[in-house]
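This report concerns only the one structure given below.
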Amino acid sequence: MDSTSNSPDLAADNQRRAAIDKSVRGPVLFLFLNGAFWLMLSTLLGVLSAVKLFAPGFLGDCEFITYGRLQPVHINALVYGWGIQVALGIMLWIMARRSGQELRSGKGRMLAAGVFWNITITVGLLSILMGKSTSMEWLEMPKFVWPVLLLCFLTYAWPIARMFGRAIRPEGFMVSTWYILAACFWFPWIFITANVALHCLPGLGALGAGINAWYVHSLILLFFVPVGVGAAYYFIPKITGQPIASQQLASFGFWALALLGGWTGMQKFMGGPLPAWMVAVGSAVGVILLVPFGLVGLNHHLTTLGKHDAVSYSPTLRFIFFGSLFLPVTGVILALTSAFWTGASMQFTQAWYAFQTVSVYGFFSMCAFGAIYYITPRLAGCEWLSVRLIRNHFWFSVYGVSTIVIMSLVAGWQQGADLNNPEHWNQDFMNHVINSRPYVMARAIAWALISFSNILFLLHLMLMVAGLGRRSNAPTLLHRDHGHDDTHTPAQASHA
Amino acid sequence: MSAPAHPDSTDLDRIHAAVKREKADQAPSNAPAPMWAIFLLMLVSIIAGGQLGGNTGSLSFNTSNPFPAATPADDVRPGGSGAGDALDPFALAMKKGSSGYAVCGGCHQGNGNGIPGQFPPLAGSEWVQGGTERLIRVAQHGLVGAITVKGQGYNTPGGMMAFGAAMSAQDLANVLTYVRNTWGNEGTMITKEMVEKVRSEEKRATQWTEADLKPFADKNVAGDIPAGPGATAAPAAKK
């Protein structure tokens, strides 16, 4: 759009990037579309399981929809159906773009792996509903599921890592690609370790619970966080047109996360039958992780500085901006649940749900939405149809997830403080359950709002993938209510 | 700027529009981190370090509780930390019964004196300190009609409800033990087994009257009473 785009170099570069987009089109759109479907399902189940928590008789006494089965299905659909699936799509696209590599071969294998991934998750989640849950958090799906999921993941991770290897790149730290490359290696490590330990080693005793908690923490800190941060580091400079503010902060943040991310988890069982030092180390690291999270947040803040108008009209930047705002919040909640002073009141309460929601939904999913709003028009060859749908999606998500996180945190604090209060020794446990009902109701309402916006998001994405989007040279921007016209200025056109 | 609507359009200009409007990737710059941020993160590190120290239990694999001697003196739970091994069942029943009495106190009042003419007193009452059989039956099934307590006549419309029916045997036993040993009352402890025995013998759905209960006035339900103050309290029941 600007005058320089007519120079031969830039024209060739444009052709090259368009060719890269075309080469990853199939797998990436497949992952996005299926991910959005699971997201919608997961949020609907979030409503239902929250309702089941305060009204167990809702929809009858059918065993398949009891809270104990719905809640794991809700979380597993969110983590494996939406989270990891869409993360693979984002990783593939960003790595291809940043490495300047087309996807040469393996597109068919990737699509097959994607189909297997979705079938496996469907079978796994149905097994949970049938009562075949393993009762291990985030690993509730039956034993046979994990080797299939691992192979499917590697089918994507290997070509992504190869792209990085083939890239012609300048020396030094490549912020977004390092995060994504690391995620390619960290996920298999975490996934294999946890599954082998929990499914194949007999007689773990209490340590098994600790390993399970380590798995959940590590999957968040060493997979969802690097992918989300990698996307934010890619899209914020891309849209604001400013370079990443500080190379040093970025590099320090990465290495701090790499060194510290795998040490947390055991603190979930503080005061429990685990060696005290394991708990203490998890607790200390859970607090000190605020440092890398704070540094990354600071770096994003400095990069966005002076370009905040772009947040208001670029859908991508708006989602990413709030996603990266939720990163330090994730760090604070992790620190609160980890430190001994506060963790003693928050362990085994709804505060745990607040941490899962803020990290997987508040931080990661918001970044993923931003990435999807950027990537999809390039792959589908058409522009997003409706400003209003995007805007609704944004506001419902932000208010919804904030409500869930705040409510769960306050409810958790209240539950924990009440349970620990010696004066309450003769209180019925049911009283604590009844006291937390208002918070759970608020959670149900918030998930309902989010579900509504995610149904619209899925429809919007389906239309885009079907090629039924807007045919135009101009991006869909949020700068005014009737955003369907093409009257924006060229300067703004470069923001999407 | 609108373009042809056909998806197979060969209009490269439009197909590549999204690519063309992108901004170029740039190398990161070297902005310094603000000082306040460094101080804040140092504070975080100090707090994090505070989680280590004594909490690590000397890095031993055999220590799961690094502070075994921690016994808060103000722990009010009977049998809570610091109570020792011996748990006095009588004290436990009195403690639990005192909170269970909140239900009874609505009519019989907190001081156990009732309200003249309406609700009979529990303090010093021969109904309470007398045979355990009659007391359990009143609480379990309720009582209706005119009765005489400590020489005064009482007749409440509707009488006393069958409160015990909705309580667990243990809760009912705790409350009755409490009532029998407060406000100067003295009586043997009533155990869960006694309440269960009465429940299994008597399944009536209607309230008792004073005349119905006459035969049970001085009867005690058979059953073992745990050793301790609950067993040694002088039974005031007229044998």
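Note on naming: letters A, B, ... go to the chains in the order of the sequence lines (proteins, then strands), and numbering restarts at 1 for each one.
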Proximal component of [X], with respect to chain B [non-hydrogen, under 4.5 Å]:
X	answer
Gln267(A)	neither
Asn299(A)	neither
Leu274(A)	backbone
Leu290(A)	both
Met270(A)	neither

May I ask you to name which of Ala245(A), Gly282(A), Pro237(A) has the most heavy-atom pairs under 4.5 Å with chain B? Ala245(A)
Evaluate the ring planes of Phe119(B) and His108(B), with Trp represented by its six-membered ring, and classify them as parallel (under 30°), tilted (30 to 60°) or perpendicular (over 60°). perpendicular
Over 60° means perpendicular and under 30° means parallel, so classify the ring planes of Tyr179(A) and Tyr233(A), tilted if in between.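 Parallel: the ring planes of Tyr233(A) and Tyr179(A) meet at under 30°.
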One option among Ser64(B), Gly50(B), Gly57(B) has the most heavy-atom pairs under 4.5 Å with chain A, and it is Ser64(B)
Under 4.5 Å, counting heavy-atom pairs only, tell me which of Gly53(B), Pro34(B), Gly54(B) racks up the most with chain A. Pro34(B)
Report yes if the side chains of [X] and [Y] come closer than 4.5 Å at any heavy-atom pair, otherwise no.
X	Y	result
Gln347(A)	Thr337(A)	no
Ser45(B)	Val291(A)	yes
Ser338(A)	Thr264(A)	no

Would you please go through residues 161-172 of chain B and name the residues with a non-hydrogen atom below 4.5 Å from one of chain A, in numerical order? none
Measure distances from [X] to the heavy atoms of chain A and classify the residue's part below 4.5 Å as side chain, backbone, both or neither.
X	result
Ser99(B)	side chain
Ala27(B)	backbone
Ser60(B)	backbone

Could you give the distance from CG (Leu295(A)) to CG (Leu257(A)), rounded to the nearest 0.5 Å?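 Spacing of CG (Leu295(A)) from CG (Leu257(A)) equals 11.0 Å.
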Any chance CH2 of Trp127(B) has more than 12 other-residue heavy atoms, nucleotides or ligands included, within less than 6.0 Å? yes
Just one of Thr188(B), Asn185(B), Thr132(B) clears the side chain to side chain donor-acceptor pair (under 3.5 Å) bar with Arg180(B), so which one? Thr188(B)
Under-4.0 Å salt bridge between Lys197(B) and Glu193(B): no
Please determine whether a side-chain nitrogen of the Lys or Arg among Asp13(A) and Arg17(A) lies less than 4.0 Å from a carboxylate oxygen of the Asp or Glu. yes
Option from Thr177(A), Ile94(A), Ile244(A) for which side chain to side chain contact (heavy atoms under 4.5 Å, CB included) with Tyr234(A) holds: Ile94(A)
